[in-house]
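As structure tokens, the structure follows; a few thoughts come after it.
Given the structure is predicted, the values throughout are model-derived calculations rather than measurements.
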Amino acid sequence: MLTSGRSHAALVLAALVLLPTPIAAQDDSEGGWSAAGGHTVLMEQFTAAWCEICATVDPWMPEFTEANGNRVARVALHDNFEDPLGTPITDYRIQRYTDGSPSAPSFWFDGSLLAGGAPDRASLHRELLGAEGDRSSDTKLVLSAAPIGANSISISVMLSEWSALEQTQISLFVNRDSVEITDSEAINGIREHHDVAFAYSEVSLSGLGNWSYAPDDGWGALELQIGAESVILQRTLTLPGGILADSLSIVAVHETESSGQGPSTLGALRLDIGEQPLEGLQWWLPVGVVLLASTLVALTGLSRR
């Protein structure tokens, strides 16, 4: 049955390639975004609008991330105390790495802390190289996003070729690319901030429980399919007023469920959905691959019954 099912799935993929128009009920003019990879290093930074030292680092963070392209994905975790950009995401993520309150700024590369106060560009580059070298292998990821109406987006993540699946999770960060705060809020004098996490969803692949946060409880229903060769997570997010999809980026991470003191990232990928959306078959083909993988997952489950 599995061989026959895979044959049918291959025909579906061939149809996706040959069709001149999208096959899903989605307005082609709205477009969508997709990326594939997995080797990106996750860089989480604890920062704060009241932190004077952070004011010497935060302004050149965009230059650092742009210079390193898809090698690094930055997530700015603002303090949830006296910082208008702080959210419960910060406290939740920091508890993975420390029992106390970290100093600001603090950087974690794939879960490993960069110690020593405010870093310079050279020390960040060395840490990035070290994190890349510490990866024994990379989980492959396909990350897709599409607009739903005026104020919602759908997000799909597919994992494959993992080195471990037990006691791991998929973590989704939704970041605002650029946010301005008022002079009175900018205690350290920095008004513009980048890569600011405002929504987060964590889904266990071992059934140990999930955690999420979004303004106004914006996360929708969760769909998770775990197969022998692929894992697919699908979620929807309703955006609060004033936040547009084209001002966001998404970081998908496959990581261990507890960090401890060592590297915890198994694969990561950043998708800038503010870039020009793909149209027509350019976008539907990667989405078709996700749908194809879903079909294979279902057929694999049927063949084992």
Side-chain angles (χ1 to χ4, degrees), residues 1-2 5-17 22-26 32-40 42 73 137-148 152-174 199-212 219-237 250-257 265-271 273 278 282-305:
M1 179 182 291
L2 182 57
R6 284 178 171 168
S7 298
H8 289 134
L11 291 176
V12 172
L13 181 58
L16 284 170
V17 173
I23 63 172
Q26 167 73 33
W33 303 266
S34 185
H39 64 275
T40 301
L42 173 65
S137 61
D138 300 312
T139 302
K140 306 304 179 187
L141 294 93
V142 176
L143 175 58
S144 301
I148 304 176
S152 297
I153 55 174
S154 65
I155 303 171
S156 298
V157 184
M158 182 174 70
L159 308 183
S160 63
E161 300 183 31
W162 52 78
S163 59
L165 204 60
E166 289 296 321
Q167 297 183 331
T168 68
Q169 65 190 34
I170 298 175
S171 301
L172 289 174
F173 297 89
V174 183
Y200 174 78
S201 176
E202 174 182 293
V203 179
S204 169
L205 301 183
S206 302
L208 297 183
N210 307 322
W211 191 90
S212 63
W219 286 111
L222 181 156
E223 183 177 346
L224 178 66
Q225 300 180 47
I226 301 178
E229 298 181 356
S230 66
V231 173
I232 299 171
L233 170 66
Q234 296 177 309
R235 296 224 67 175
T236 59
L237 175 64
I250 303 171
V251 178
V253 186
H254 182 213
E255 60 184 349
T256 59
E257 290 181 331
T265 305
L266 304 174
L269 179 63
R270 174 188 170 110
L271 175 64
I273 66 175
L278 300 175
Q282 283 183 297
W283 182 73
W284 288 113
L285 186 55
V287 173
V289 171
V290 174
L291 294 174
L292 173 62
S294 301
T295 303
L296 287 175
V297 168
L299 290 172
T300 300
L302 288 173
S303 69
R304 292 177 175 175
R305 294 181 181 177

query = Hey, are the side chains of Leu165 and His254 touching, using non-hydrogen atoms and a 4.5 Å cut-off?
reply = yes
ask   = Stepwise, does the side-chain contact (heavy atoms from CB on, under 4.5 Å) test hold for Val251 with Leu172?
value = CA-CA 6 Å; Val251 178; Leu172 289 174; over 6 Å; no
request  = May I ask you to test the Leu224-Val231 pair for a side-chain heavy-atom distance under 4.5 Å?
outcome  = yes
task = Just do the side-chain contact (heavy atoms from CB on, under 4.5 Å) check on Leu205 and Glu257 with the steps written out, would you?
result = CA-CA 9 Å; Leu205 301 183; Glu257 290 181 331; 5.6 Å; no
ask   = Is Ile155 close to Leu143 at the side-chain level, that is, under 4.5 Å between some pair of heavy atoms?
value = yes
key: Considering all heavy atoms, the nearest Leu237-Ala199 contact   = CD2-CB, 4.1 Å
request  = Using atom types as modelled and distance alone, determine if a side-chain donor or acceptor of Trp219 lies under 3.5 Å from a backbone N or O of Tyr200.
outcome  = yes
inquiry  = I need the minimum non-hydrogen distance between Gln167 and Ser206, along with the two atoms involved.
reply    = N-OG, 2.6 Å
message = Rounded to the nearest 0.5 Å, what separates atom OG in Ser144 from atom CD1 in Ile250?
response = 9.5 Å
inquiry  = Taking side-chain contact (heavy atoms from CB on, under 4.5 Å) as the criterion, tell me which of Leu42, Thr256, Asp138 meets it with Thr265.
reply    = Leu42
ask   = For Ile273 and Ala145, which heavy atoms make the closest approach, and how far apart are they?
value = CG2-CB, 3.9 Å
ask   = Taking Thr139 for the side chain and Trp162 for the main chain, is one N or O donor matched with an acceptor at less than 3.5 Å?
value = no
request  = Starting from the C-alpha separation in whole Å, work towards a yes-or-no answer on side-chain contact (heavy atoms from CB on, under 4.5 Å) for Ser152 and Thr236.
outcome  = CA-CA 7 Å; Ser152 297; Thr236 59; 5.9 Å; no
task = List the steps, then state whether side-chain contact (heavy atoms from CB on, under 4.5 Å) holds for Ser34 with Val142.
result = CA-CA 7 Å; Ser34 185; Val142 176; 4.2 Å; yes
remark   = Between Leu266 and Ala164, the two heavy atoms sitting closest are CD1-O, 4.0 Å
request  = Evaluate the side-chain proximity of Ser201 to Asn210: yes if any heavy-atom separation is below 4.5 Å, no if none is.
outcome  = no
Check: Ile148 and Ile153 side chains under 4.5 Å, non-hydrogen atoms = no
